[in-house]
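Just so it is clear, the structure is predicted and the values come from calculations on it, not from any experiment.
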Amino acid sequence: MEWFNLGDSINVLGLAGAVAILALTIFIVGGYIKKMRDSKADGELAEGEWDSIKEFKNDIPIGWGVTYLVLIIWALWYWFVGYPLNSYSQIGEYNEEVKAYNAKFEEKWKNIDAGTLTKMGQNLYLVQCSQCHGITTEGINGTAANLLEWGKEEGIIRTMKEGSKGLGYTLGDMLPMSETAPGVLNTEEDYRAVAAYVMAEISEAKKTKYPNLVTKGKELFSAATCTACHGDDGKGMGGLAPDLSKYGTPAFVAEVLEKGKKGHIGIMPSFKTQMLTDKQKEALAHFIYSEKN
């Protein structure tokens, strides 16, 4: 049996530890059983009593006290001096390997062309995102967010109508505009106008399919109190609310991936850890915004 190979020092140490634990268990349990069998009700009683019942004065067992103190000292050493700060860790080794691989990956694809970047994003999407958002990115009939609208006026319009929640901003979730500014946005054109202003003037994308509505949208953006959270420049007042200048850019996709989302539909996990590199996040954004989507 390979697991019982005594030529391996780890197996020997493990077996020795198991034997020692078993021997100590037999010795201690045997001692207590003998005590229970032979002990008599004698000793010094405490002064107090409860329901005419007194208890013996029992000093803390020396062995128990010493063991307790040793355990505290060992725990402090373990957390502040020993493992894992100054010792080998399998998780630490794995993280270092992933970090090194990601660095090589970033270097290899540093000068990737737009077409290859979009293809990379499509492949990543199929592996990481399609289970919830669907192969066609439309969200599987409302099971998840419709990514066909992301970075476009339609996404802004849906958010204004339905609100947004779960991105963890300091100012909290966004309620539907019908609740925060009732009577301001009354027609579909009003909603399109605000979306056009955000896309054309605030977003770094600087393009909109409704250019003739931008001026109207600027007036409605203020009238609908959007500036109360997003600020006059739409940049979210230093992170208190979403930065609309990122909307429609790879930075917007990267931020959502890092934050995760607990939205109206369900929970999207955060990809903040080493699951995706910066280049992979950029690739996903290129695919989502591309004509292939």
Side-chain angles (χ1 to χ4, degrees), residues 106 112 114 117-118 120-122 124-125 128-130 132-134 136-139 144-174 177 191-192 194-210 214 217 221 226-227 229-273 275-293:
E106 293 285 297
I112 187 173
L117 192 65
T118 300
M120 178 191 292
Q122 184 177 29
L124 281 167
Y125 175 85
Q128 298 283 5
C129 313
S130 62
C132 296
H133 295 281
T136 58
T137 75
E138 93 298 341
N146 183 352
L147 301 185
L148 292 172
E149 300 175 345
W150 262 31
K152 305 178 181 71
E153 288 85 351
E154 290 80 4
I156 299 174
I157 292 169
R158 180 183 290 274
T159 301
M160 288 191 290
K161 288 182 176 181
E162 299 180 0
S164 177
K165 63 178 294 188
L167 282 172
Y169 287 101
T170 304
L171 291 180
D173 300 331
M174 174 183 168
M177 297 304 297
Y191 282 101
R192 287 196 294 269
V194 174
Y197 168 65
V198 172
M199 291 297 298
E201 298 294 331
I202 298 177
S203 168
E204 292 176 3
K206 294 290 184 281
K207 61 179 180 180
T208 179
K209 60 180 74 173
Y210 309 116
V214 173
F221 187 82
C226 302
T227 56
C229 294
H230 296 286
D232 292 331
D233 59 1
K235 293 185 177 181
M237 298 194 294
L240 295 178
D243 181 353
L244 299 182
S245 69
K246 294 180 180 178
Y247 188 77
T249 71
F252 169 70
V253 176
E255 183 172 359
V256 175
L257 286 170
E258 290 175 8
K259 282 180 172 290
K261 199 172 190 299
K262 296 179 181 178
H264 296 294
I265 301 171
I267 298 174
M268 171 185 164
S270 168
F271 289 80
K272 188 175 183 178
T273 57
M275 293 173 69
L276 292 176
T277 69
D278 292 339
K279 185 61 68 176
Q280 288 173 322
K281 293 171 188 175
E282 182 184 354
L284 271 172
H286 272 263
F287 167 65
I288 290 171
Y289 297 149
S290 73
E291 294 179 358
K292 287 190 174 184
N293 180 14

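- In this structure, Val198 and Thr208 have side chains that are not in contact, with every pair of non-hydrogen atoms separated by 4.5 Å or more.
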Which pairs of donor and acceptor atoms, one on a side chain in residues 231-238, lie under 3.5 Å apart (sequence neighbours left out)?
{"from": "Asp233", "atom 1": "OD1", "to": "Lys235", "atom 2": "N", "distance (Å)": "3.1"}

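- Contact of the Ile267 side chain with the Lys261 side chain is not registered, since no non-hydrogen atoms from C-beta on lie closer than 4.5 Å.
- Here CD of Glu149 is found 10.0 Å from OG1 of Thr137. Values are rounded to the nearest 0.5 Å.
- Side-chain atoms of Met160 and Cys226, non-hydrogen and from C-beta on, never get closer than 4.5 Å to each other.
- Side-chain atoms of Tyr210 and Met199, non-hydrogen and from C-beta on, never get closer than 4.5 Å to each other.
- With contacts defined as side-chain heavy-atom distances shorter than 4.5 Å, the pair His230/Pro242 qualifies.
- Seen from the ring of Tyr191, Lys161 counts as a face-on cation partner, given the 6.0 Å and 45° thresholds.
- Considering only heavy atoms from C-beta on, Arg192 comes within 4.5 Å of Ile157 through its side chain.
- For the pair Lys152 and Tyr289, the cation-pi criterion (under 6.0 Å, within 45° of the ring axis) is not fulfilled.
- Applying the ring-ring contact (aromatic ring centres under 6.0 Å, His included) criterion to Tyr247, with sequence neighbours excluded, gives Phe252.
- Between Glu201 and Lys206 no salt bridge is recorded (no basic side-chain N to carboxylate O distance below 4.0 Å).
- Within a 6.0 Å radius of NZ in Lys207, no more than 12 heavy atoms belonging to other residues, nucleotides or ligands are found.
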Stepwise salt bridge (charged side-chain N to carboxylate O under 4.0 Å, His left out) check, Glu154 with Lys209
CA-CA 10 Å; Glu154 290 80 4; Lys209 60 180 74 173; 2.8 Å; yes
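- Note on Lys246 versus Glu204: no salt bridge recorded, every NZ/NE/NH1/NH2 to OD/OE distance being 4.0 Å or above.
- The two residues Ile202 and Phe221 come nearest to each other via the heavy atoms CD1-CZ, 3.8 Å.
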